[in-house]
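The structure appears below as structure tokens.
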Protein chains: 2
Amino acid sequence: MQDMNIKKVSSHELGQKLDMNPAQIRKDLAYFGEFGRKGIGYEVSYLISKIKEILKINRHINVGLVGAGHLGIALSNYNRFTREKLSIAAIFDADPNKWGMSVGHLKVQPVSELQETVKEKDIKMGIITVPATEAQKVVDQLIAAGVTAILNFAPATLKVPSHVHLRNADLTTELQSLAYYVD
Amino acid sequence: MQDMNIKKVSSHELGQKLDMNPAQIRKDLAYFGEFGRKGIGYEVSYLISKIKEILKINRHINVGLVGAGHLGIALSNYNRFTREKLSIAAIFDADPNKWGMSVGHLKVQPVSELQETVKEKDIKMGIITVPATEAQKVVDQLIAAGVTAILNFAPATLKVPSHVHLRNADLTTELQSLAYYVD
DNA sequence: TAGATTGTTAATCGATTAACAATC
DNA sequence: TAGATTGTTAATCGATTAACAATC
């Protein structure tokens with residue numbers, strides 16, 4: 001709506017677009033504060049900024065990626081990250097043949113430099129795109145370096161301490177959920 | 001549990017593992033049929049087969065992948081698909097330089113062959129890993145070929161007719177949801 | 001038989017929706 | 001002012017949990 005230069009929106013309009021009851025929208029928003037004006041509605045730009053604040057996506061975050069294989073390179077080139085204030089700030093790999101290889105504006109670094117680089121570049125999140133057999137070792141190293149939020153693409157069940165937030169991006173599950181609708 | 005050679009399980013045990021109330025588990029399962037035995041519990045292998053049946057993941061499905069870039073190649077090599085009865089049976093790309101290129105045991109085909117190959121190989125699902133600018137064109141071609149379940153990795157909002165099931169695998173959202181827990 | 005556990009009905013709990021005073 | 005729309009309280013609805021007869 002902001003892109004379409006629409007300035008204000010009512011809970012009724014939002015409800016139509018999101019296929020939700022207007023009262024639900026007002027109640028959910030009201031839980032976090034008073035963002036609207038009676039008789040007027042919600043100001044689009046203000047609502048966006050408030051929602052970003054609530055979801056904590058109103059700040060820049062540096063991300064470290066471990067595993068310079070096809071998936072790792074694909075993610076590095078994924079330009080939507082940049083738009084959403086997420087920067088891949090370093091890429092690591094265990095394979096000496098890949099060290100120094102250019103990926104975008106970055107060069108692949110040895111995993112041994114992980115700890116130092118995480119501190120230096122203020123990396124707060126990690127992405128794991130190594131083979132399943134290497135994943136636990138990598139997650140341990142990321143945690144040792146102080147990273148507490150990790151997105152794992154390796155098809156492995158990883159063990160992390162309770163203060164670390166691990167999210168598994170399981171592409172199989174996505175496909176399987178679609179399989180339900182086939183035929 | 002099957003891998004651990006455990007033969008039977010009670011709703012109480014399942015509840016503990018899944019962090020759910022035992023009554024919830026019994027009720028949910030009972031919705032689909034009577035899978036347990038009073039005084040005994042559920043037989044692990046039977047329960048697995050019934051759940052796979054309910055979720056319709058008890059059959060082999062061939063998948064066509066469009067876009068032989070890094071992400072496409074990464075997905076082709078993703079061996080977990082095979083284990084879950086999902087086979088990438090063909091890879092397409094618009095770039096003539098990629099035609100004939102080997103990816104696993106497949107060769108990259110021109111998109112012009114899509115329609116024919118989908119029929120020939122009984123492809124039921126599609127994966128889109130092309131640039132955002134090409135995605136709508138590709139989804140249209142997949143639909144024209146008769147594919148009704150599509151997983152899209154391109155950061156684009158695609159239009160599909162109501163009988164087609166489109167699922168967007170948005171990697172940004174995954175990362176953003178983790179960002180909430182940073183600091 | 002006694003203990004265990006299901007499937008299901010009844011009770012409880014929480015989430016959604018309706019209604020409305022406040023007010024722009 | 002009259003119409004619109006919020007934030008919030010009250011009413012409704014549905015989902016979760018407890019309880020228990022059936023039975024292995």
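Note that the structure is a prediction, hence the values are computed from the model and not measured. Below, chain A is the first sequence line, B the second, and so on; all start at residue 1.
- At C:dG7, one or more side-chain N or O atoms of B:Y42 fall inside 4.0 Å of OP1 or OP2 (strictly under the cut-off).
- No hydrogens or angles considered: a donor-acceptor pair under 3.5 Å links the side chains of A:S11 and A:R26.
- Residue B:R26 is in base contact, counting any heavy-atom pair closer than 4.0 Å across all strands shown.
- Atom-to-atom, NZ of B:K38 to P of C:dT6 comes out at 10 Å; the value is rounded to the nearest Å.
- The distance between atom CG of A:D28 and atom P of D:dG7, rounded to the nearest whole Å, is 12 Å.
- Backbone-only engagement by B:F35 is indicated by non-hydrogen atom pairs under 4.0 Å involving sugar-phosphate atoms exclusively.
- Ring planes of B:Y46 and B:F35: perpendicular class, angle over 60° (limits at 30 and 60°).
- When the C1' atom of D:dT17 is taken as reference, atom CE of B:M20 falls 12 Å away, rounded to whole Å.
- Side chains of B:N168 and B:D170: no donor on one and acceptor on the other come within 3.5 Å.
- Atom CG of B:L14 is separated from atom P of D:dT17 by 15 Å (rounded to the nearest Å).
- Summarising the geometry, the separation between CD1 on A:I25 and C1' on C:dT17 is reported as 13 Å, rounded to the nearest angstrom.
- Between C:dT6 and B:S11, a contact under 4.0 Å exists linking OP1 or OP2 to a side-chain N or O.
- With distances taken from any side-chain atom of A:I40 to the nucleotides D:dG7, C:dC24, C:dA10, the minimum falls on C:dC24.
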Passes side-chain contact (heavy atoms from CB on, under 4.5 Å), B:F81 versus B:V63? Steps please. CA-CA 10 Å; B:F81 283 156; B:V63 182; over 6 Å; no
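- If you take NE2 of B:H12 and C1' of D:dT17, they are 15 Å apart, rounded to a whole angstrom.
- You'll find that the side chain of A:E34 is closest to D:dT8, out of D:dT8, C:dG7, D:dT16.
- Within the shown strands, D:dG3 is the pairing partner of C:dC24 under the Watson-Crick or G-U definition, both distances less than 3.5 Å.
- Residue B:N21 contributes atom CG, which lies 18 Å from atom P of C:dA11 at whole-angstrom precision.
- Searching all strands for a Watson-Crick or G-U wobble partner of D:dA15 with both distances below 3.5 Å returns C:dT12.
- For the pair B:Q24 CD and C:dG7 C1', the computed distance is 14 Å after rounding to whole Å.
- Taking every side-chain heavy atom of A:K27 into account, C:dT16 is the closest of C:dG7, D:dT5, C:dT16.
- Closest to the side chain of B:A30, from the set C:dT5, C:dT17, C:dG7, is C:dG7.
- Salt bridge annotation for A:D183-B:K56: absent, with no cationic side-chain nitrogen under 4.0 angstrom from a carboxylate oxygen.
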